[in-house]
Amino acid sequence: MTGKETSGIKERLEQFGRDAVHADWLKENGIWLNKFFRIWMEVYRECYYLRALESRPKGGAVKVDLTDADAFIRCETLDRLEKCLGNEAFDAGVVEELWNKRLPCPVEQTEAFKKAVCEVLERRQAEAQAAGRKRQELLQAELDRVGSGMAYYKPMDADLLFDAWRNEAAGNVVCACFPWEYDSTTVAPDGVTTEVFTPRFVDWQKKGAPPHFVISKGKDDVAVARRIILSMLLSLPVGKLKVTFIDLGFSGKLTAFRDSLDKAFTKSLVLTAEALSEWTRERTRWFCDTFAACGDVADFNRAQGRIVHGYEVCVVNGLGGDMADVTYSAALARLVNEGYKAGIYFVVIGDVLRKWDACLFRPMKAVAVAARKQCPIPLWCEAGYARLMDRMNGSVSEQAQQDIEAKNRKLEAQRQAAFEAPFLDATQDFDIEIGEMLDGVGRGRFKLDEETHTHSFVLGKTGSGKSVFLHTLLHQAMLKYSPQSLQFYLMDFKIGGVELNRYRNYPHVRALMADQGDLKVMLEILRDLEKLMTERGRALREAGCTKLKDYNARHSDSPMPRLVLLVDECQELFKEGRSGMQDEIDHIVTKIAKQGRNQGVHIIFATQTLCGCVMPRDLPSQITDPYLLLCEMADAQRFIKNPERVMEAMVPHSLVHVNVYEQKAEKILPDCLEAVMDDYQRAIVEKNGGADTGFDSFYFSGTQQYSLIDDLRKCSYRRRPELALGRSLQVRSENGNFRLLSEMSQNVLVLGDNRKCQGLRVMLVALLALMHYDRKKNTGARFILFLNGDLSDFPEMEDYIYDLEEWGLEIYDNQRQRETALAKLYGEMQREDECPIFVFVTNQDYYSELRMNVNLDVEAPKKEAGMASGRELYEANMFYNGNVEFAKAGAGRKATVSVADAWRELLRNGPVCNIFTVWQVQRLANFMFKPGGVFASDVGEMFLYMACLPTKEGVENKFDFEREVKLSDLHGEDDNLQLYFYRVADHEGRVLSAYTLPTKEEWEDFMPKK
């Protein structure tokens, strides 16, 4: 430090001298003055009291004159003061001036007494300060005459030295030099002798100066090394110089020095030859990259006016010996000879190896013990050195706090600007800030485009900061770009969807699945994205465009947004044992990865681990941007080579972003937006201002429910009755209404679990929907319910059913009623009335007369006259499935038919006569209690539709929809009842979320009045 660099220190020294004079006066005089006034007042009060007793007038005021007692008070006070102070010195001049001033009586004229004393003390203080300034001026003049660049005198302490050094370090870009040895000079301004120590400086980061240092082996070699390192660290801003220890000699003193440094000042530790070889290779690569980007780092930092690329000093111990030059490679020699150009310096304890350029090393020696004891500078004594180390280590937290505050102020300003700025178009340019670069150069960015940044993969164990990164990415993207130009498909497979569930009401979210893993919904979301890609591909071809940007440029009135599929815990997408469904998932993901780039469709996958995950073979090769937090190296190796090298020396919660296209890696510490995410959401929603995004958001959280009444309000009925069951679990969700036509087998089979009346709930939803249709169209329909089984365990459901009698529901709940009703219903097939009849059969498993297959008395086909001919008898038996018996030939027209045959006929041909049936059975094996089991063809003859609830029966195999869904995987909870709606004739199906039943009050308010 010379010239301009020491001007701040001199000013500090002058201020210290002024303060010292003032502080010394107060310290030396303040203590005895307090004692003096206390003793004086004690003596004065004693004399005053005695004199007052002597001169007290009768009935008058007391007036005491102690003029003649001044000599006694003075002597008594001084005697007592000398006894109290002992050998302590005091300023007799002050006492003499106070006596001579003839002070007012402190008892009778207290305020005047205080004022007079203060005048004396203030004058004495001003005189002392003036004398101190005069002495300081003389001292400074003497220092200037001597010509010292940076001089110290005995009052200097470690704290003052640290503050002076740190003040200069804050503005340093390089450490041009640092003080090493000191020359002692005696000056005597104003007749007072003072010893001044003037430093001799060692050049370091100067042009032409040796960049490295070498210390001969000896008792004080580590002490010299630590002085060099401490001087360097104190000369540069905190964190801009890191120390690496290469200690192949296993020095205990060097270990103690390393342990005494805060981790913010240390970089690497190398203890073996193998580790040294790996370190040399890694630093050589870093040296080449840095030099290629910046040239000479010190010159680059000078040109920038700040330390853009930090420095590294390597303390080397234990490399000597006859085999050293053979053992250590030429790569290390090159790093020593040229590494300083990229900011890598060496402090070597021992000999310089033959392959190293000795001209680059400055020999450093320990100072003699006598000189160290004589010089009071803190660097030379253990106590001062320890204090400097404490202050330097403490500066890390201070600097970190200052950096955090400065960063927060800057980020807050940026946030406010972003909150107020209008949305941008994500299809033109997608480039957002995500955090700080660990090398201090600018901000880390996340990009998406059609060429070099197409798909990303985020790997990070629990606690690594993966969720922080994803939240930052999403909020920054949604704040910057409009929901008309950027839309997300989000899937979160953590339990409860704890991370992404908060994005439900964000305008950019096209679909959100926040559930541990519903395969059906997962597949539906992927299908929707594939469908959208197909539509986009067709539009691009018709427009003659190959990229989304080109298409939007030509169709500015109807542009297509950039789409992003973001999946957290994506390993749930790729699991074995799903047969056809997994094949379809793999196919869609691979299609997006390969074809999505030109259509503006991108993938961002994130996971803790890929263990047990079978990704599509082509997926890793399509990932252009891996983001690696703390993760398993085996997982990282799927995307990059040598991840151990790339991820070396990462700080907690940081990540490594690898640009595969450019073969570059960068380390980033993502911003944490957790405390301001609510502010971001408000800003995002306000900026959108309720604008139309062009889609209805789909949300699935594992507890999906849709209201029957809400969807019935949207129905516009036509000529045929419509039956409702639920809404499709699709991104472009639709209600599950379907029309019933007057054709054969237009009936519905409700199949599956009914333990909690799930099947009965589905039937009642269908019943209410048809009742609503009847009221809206005024069809005069009849509603018949065959109630089987006991509902005593479900009293609320039982009450709900019987309350529907008020709305015209005919309920038959015992065997006799059911037989009579079925016989009449059987006869209705001969009617010509167009009014529909809707029949509901609950819980067929408990339909006792069907199980016993009893016979019913029914009316035979009518004949106006004469006896039935053989042809007529044959036709009648054909009509009644060969089970008709006439009571008497040629007499009454009565016949019998079994319950099973009656129902089969009603189910086959009833719809032709406008008699439609909704049939519920828990197990397909029990259907109609048919011996030998039921085939799909048997069901197809009587039902066009099936509503399959959760069951483990294996129904999928019979109807060939096992590739679509497994019924055992359907949700069967009350708050998330799912069913698979299957059209038997054309083998098509889809998963529906069953409607919830309205309450009695809601139904009464909703239904149209007659």
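We use all heavy atoms of the structure for the numbers below, so side chains are in, but hydrogens, waters and symmetry mates are not. Keep in mind it's a predicted model, so treat the numbers as computed, not measured.
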Under 3.5 Å, which donor-acceptor pairs link side chains of residues 627-639 to any protein atom two or more places apart or in another chain?
unit_1 : atom_1 : unit_2 : atom_2 : d
E632   : OE2    : K461   : NZ     : 3.1
D635   : OD2    : T609   : OG1    : 3.4
D635   : OD2    : L610   : N      : 3.2

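Pairs engaging residues 218-239 under the ring pair (Phe, Tyr, Trp, His ring centres under 6.0 Å) rule: none recorded [sequence neighbours left out]. Among residues at least two apart or in separate chains, there is no salt bridge (Lys or Arg N to Asp or Glu O under 4.0 Å) pair with a member in residues 251-264. Under the side-chain hydrogen bond (donor to acceptor under 3.5 Å, both in side chains) criterion, no residue pair touches residues 333-344, with sequence neighbours excluded.
Nearest heavy-atom pair, D247 versus L271, reported as atom, atom and distance to 0.1 Å: O-CD2, 3.6 Å. Heavy-atom minimum distance, L438 versus S654: CD1-CB, 3.8 Å. A pairwise comparison of heavy atoms in L360 and V336 identifies CD1-O, 4.1 Å as the closest pair. Closest approach of L335 and F346 over heavy atoms only: O-CE1, 3.9 Å. Summarising the geometry of V468 relative to C672, their closest heavy-atom pair is CG1-CA, 3.9 Å, with the distance given to 0.1 Å. Closest heavy-atom contact between P620 and M615: CG-CE, 3.7 Å.
With sequence neighbours excluded, the residues forming a side-chain hydrogen bond (donor to acceptor under 3.5 Å, both in side chains) with R281 are E278, listed by chain and number. Listed by chain and residue number, E499, Y503 satisfy the side-chain hydrogen bond (donor to acceptor under 3.5 Å, both in side chains) test with H471 (two or more places apart in sequence, or in another chain). Every residue meeting the side chain to side chain contact (heavy atoms under 4.5 Å, CB included) condition with V202, not counting sequence neighbours, appears here in chain and number order: F178, W180, F213, R362, M364. Contacts of Q622 classified as side-chain hydrogen bond (donor to acceptor under 3.5 Å, both in side chains), with partners at least two apart in sequence or in another chain: none. The side chain to side chain contact (heavy atoms under 4.5 Å, CB included) search around S260 returns F257, M389, not counting sequence neighbours. By the salt bridge (Lys or Arg N to Asp or Glu O under 4.0 Å) test, R283 is found to be paired with E312, residues two or more places apart in sequence or in another chain being considered. Every residue meeting the side-chain hydrogen bond (donor to acceptor under 3.5 Å, both in side chains) condition with K207, not counting sequence neighbours, appears here in chain and number order: D299. Evaluation of the side chain to side chain contact (heavy atoms under 4.5 Å, CB included) rule for T462 yields Q608 as partners, not counting sequence neighbours.
Side-chain contact between T244 and V313 is absent, with no heavy-atom pair separated by less than 4.5 Å. Between S456 and T624 the shortest side-chain heavy-atom distance does not fall below 4.5 Å. Here the side chains of F250 and N317 are not in contact, with every heavy-atom distance at 4.5 Å or above. In this structure, the side chains of I307 and P237 come closer than 4.5 Å at one or more pairs of heavy atoms. Side chains of L459 and T607 form a contact here, defined as non-hydrogen atoms less than 4.5 Å apart. Within the 4.5 Å cutoff, the side chain of I668 has no heavy atoms near those of the E436 side chain. The shortest side-chain heavy-atom distance between I604 and F446 falls under the 4.5 Å cut-off. Looking at heavy atoms from C-beta onward, L254 lies in side-chain contact with V315 at the 4.5 angstrom threshold.
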If you apply the rule side chain to side chain contact (heavy atoms under 4.5 Å, CB included), what do you find for M232 with W204, and how did you get there?
CA-CA 9 Å; M232 291 175 173; W204 179 34; 3.6 Å; yes

Full working for side chain to side chain contact (heavy atoms under 4.5 Å, CB included) between I344 and C314:
CA-CA 7 Å; I344 303 176; C314 307; 4.0 Å; yes

Between C175 and Q205, does the side chain to side chain contact (heavy atoms under 4.5 Å, CB included) criterion hold? Intermediate values first, please.
CA-CA 6 Å; C175 174; Q205 290 180 306; 3.8 Å; yes

Between F245 and S251, is a side chain to side chain contact (heavy atoms under 4.5 Å, CB included) present by the stated rule, with each step listed?
CA-CA 11 Å; F245 290 89; S251 168; over 6 Å; no

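Between E666 and R445 there is no salt bridge, since none of the side-chain N atoms of the basic residue sits less than 4.0 Å from a carboxylate O of the acidic one.
For the atom pair C177 SG and K206 NZ, the distance stands at 5.0 Å (nearest 0.5 Å). The CG atom of L448 sits 8.5 Å away from atom OG1 of T454, with the distance rounded to the nearest 0.5 Å. From F605, atom CZ reaches atom SG of C570 across 6.0 Å, with rounding to the nearest 0.5 Å. The OG1 atom of T290 sits 11.5 Å away from atom CG of D296, with the distance rounded to the nearest 0.5 Å. Annotation: the span from I349 atom CD1 to S216 atom OG amounts to 11.0 Å, rounded to 0.5 Å. Note that OH of Y311 and NZ of K242 are 14.5 Å apart. Values are rounded to the nearest 0.5 Å.
At least one donor-acceptor pair under 3.5 Å links the side chain of N301 to the backbone N or O of V308. With hydrogens and angles disregarded, no donor-acceptor distance shorter than 3.5 Å links the side chain of N642 to the backbone of E644. Counting only distance, with no hydrogens or angles, the side chain of D449 and the backbone of T452 share a donor-acceptor pair below 3.5 Å.
With hydrogens and angles left out, the side-chain atoms of D625 and H657 include a donor and acceptor closer than 3.5 Å.
H309 and W286 have perpendicular rings, their planes meeting at more than 60° on a 0 to 90° scale where under 30° would count as parallel.
The residue from I246, V316, L353, L319 that alone fulfils the side chain to side chain contact (heavy atoms under 4.5 Å, CB included) condition with L332 is L319.
Atom CD of E674 is surrounded by 12 or fewer heavy atoms from other residues, nucleotides or ligands within 6.0 Å.
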